[in-house]
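One structure is given below, encoded as structure tokens.
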Amino acid sequence: MQPANMASLVENLRRVRENLAAAAAKSGRRPEEIELVAVSKTHPPEALREALEAGQTLFGESRVQEAKAKQPFLPNRARWHFIGHLQSNKVRAALPLFELFHGIDSLAIAREVQRIAQSVGVFSSVLLEVNVAGEGTKFGFKPEELRAQIEDLLALDRLQIGGLMAMAPFHPDPEHARPFFARLRALRDRLQQEAGVGLPQLSMGMSGDYGVAVEEGATLVRVGSAIFGARSGKAWRPERAEMGLDD
Ligand SMILES: *Cc1c(COP(=O)(O)O)cnc(C)c1O
């Protein structure tokens with residue numbers, strides 16, 4: 001499937017930014033408090049470059065190999081967040097590619113990030129994914145589990161835990177997502193109090209519900225299809241020609 005045509009991509013980006021500013025204003029927040037992660041998974045580097053030229057420097061990818069293949073086609077000023085479920089056998093490859101990992105969803109994967117980060121001498125910025133919907137989503141800490149494990153997580157000194165991340169269950173009405181976002185913020189407030197730690201970041205809101213997420217306190221919104229158009233479902237892979245193998 002072709003990427004959304006370029007004129008509409010720039011237009012989409014402009015509209016998303018306008019909507020973010022409007023949602024911020026509505027809830028008495030400054031637009032600078034909210035960072036837009038343009039979720040570029042499955043889309044080719046040309047689409048990302050177009051977004052970059054329109055001022056969008058931060059991209060979200062959910063597969064390590066796909067991001068690794070794509071990054072060389074973008075200039076260095078592009079910044080990358082990992083928004084997917086991180087598998088333990090991908091941690092070593094992923095660490096140098098991303099400045100923030102949104103989807104740290106278990107103590108086991110957090111410990112693996114700690115182990116690898118320690119072994120290569122780096123620190124890793126992460127968000128803890130919470131399963132705020134119960135049955136609806138597969139990944140993430142259950143709220144009570146996170147409260148029980150927060151001290152163990154905070155003890156991992158190679159992890160810089162900036163806050164929490166969640167996905168609301170899919171629903172055509174964005175208002176349906178509001179209680180889930182409110183729940184994430186309340187859990188964050190409670191963890192801050194109980195553990196005496198700052199967790200300023202809330203990564204919540206996607207194409208269908210980012211406005212509501214901002215009203216409920218999101219500091220990072222992960223918006224894909226509203227910017228890049230529909231996804232094919234398949235990871236992007238470089239063509240032989242693009243890799244210089246046809247010479
Ligand atoms: C794909 C994805 C998004 C973006 O979804 P859209 O509905 O296209 O905006 C956001 N967050 C996560 C975790 C994703 O996997």
Side-chain angles (χ1 to χ4, degrees), residues 1-4 8-20 23 34-44 47-48 50-51 54 56 58-67 70 79-87 90 94 97-106 109 125-133 136-141 162-178 180-181 183-184 201-236:
M1 179 170 187
Q2 290 299 305
S8 75
L9 194 158
V10 172
E11 176 61 21
N12 290 346
L13 197 49
R14 196 186 57 75
R15 190 172 334 106
V16 169
R17 290 196 171 284
E18 264 177 25
N19 291 341
L20 285 172
I34 301 120
E35 193 158 26
L36 173 60
V37 183
V39 175
S40 48
K41 62 189 184 196
T42 77
H43 295 289
L48 282 72
E50 185 70 17
Q56 178 64 34
L58 178 56
F59 298 97
E61 292 278 339
S62 60
R63 290 181 189 170
V64 175
Q65 290 313 318
E66 181 182 351
K70 217 176 267 186
R79 298 159 50 217
W80 305 86
H81 285 187
F82 190 76
I83 62 163
H85 165 70
L86 186 59
Q87 293 170 279
K90 300 278 171 60
L97 303 177
F98 301 99
E99 65 176 51
L100 180 66
F101 291 85
H102 290 227
I104 298 300
D105 54 9
S106 70
I109 192 68
S125 293
V126 304
L127 305 178
L128 304 172
E129 181 172 0
V130 181
N131 185 346
V132 285
T137 48
K138 269 192 298 190
F139 296 118
F141 292 90
L164 306 183
M165 178 270 210
M167 287 170 81
F170 176 78
H171 195 282
D173 177 7
E175 282 302 325
H176 191 264
R178 190 183 295 277
F180 298 102
F181 297 150
R183 201 174 295 168
L184 188 72
Q201 303 276 37
L202 288 176
S203 169
M204 53 191 199
M206 308 182 9
S207 290
D209 52 26
Y210 62 87
V212 168
V214 166
E215 290 172 28
E216 294 300 326
T219 62
L220 290 154
V221 292
R222 311 176 310 268
V223 180
S225 47
I227 297 171
F228 293 105
R231 282 184 290 275
S232 66
K234 279 208 189 134
W236 177 81

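Just so you know, ligand 1 is whichever comes first in the structure, and atom 1 is the first atom listed for that ligand.
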Report summary line: Contacts satisfying salt bridge (Lys or Arg N to Asp or Glu O under 4.0 Å) that involve residues 166-176 (not counting sequence neighbours) are Glu175-Arg178
Report summary line: The protein residues that pass the under-4.0 Å heavy-atom test against ligand 1 are Val39, Lys41, Ile83, Met165, Met167, Met206, Ser207, Arg222, Val223, Gly224, Ser225, Arg231
Query raised in the report: Regarding Glu35 and Thr219, is there a side-chain donor-to-acceptor distance under 3.5 Å anywhere?
Result: no
Requested in this report: State which residues pass ring-ring contact (aromatic ring centres under 6.0 Å, His included) with Phe59; sequence neighbours excluded, sorted by chain then number.
Outcome: Trp80
Requested in this report: Provide the closest heavy-atom pair for Pro44 versus Leu48 in the form atom of the first, atom of the second, distance.
Outcome: O-CD1, 3.2 Å
Query raised in the report: Mind checking what makes side chain to side chain contact (heavy atoms under 4.5 Å, CB included) contact with Val39, not counting sequence neighbours?
Result: Lys41, Ile83, Arg222
Query - Point-to-point distance, once rounded to the nearest 0.5 Å, from CD1 of Ile34 to CG of Leu20 - result: 6.5 Å
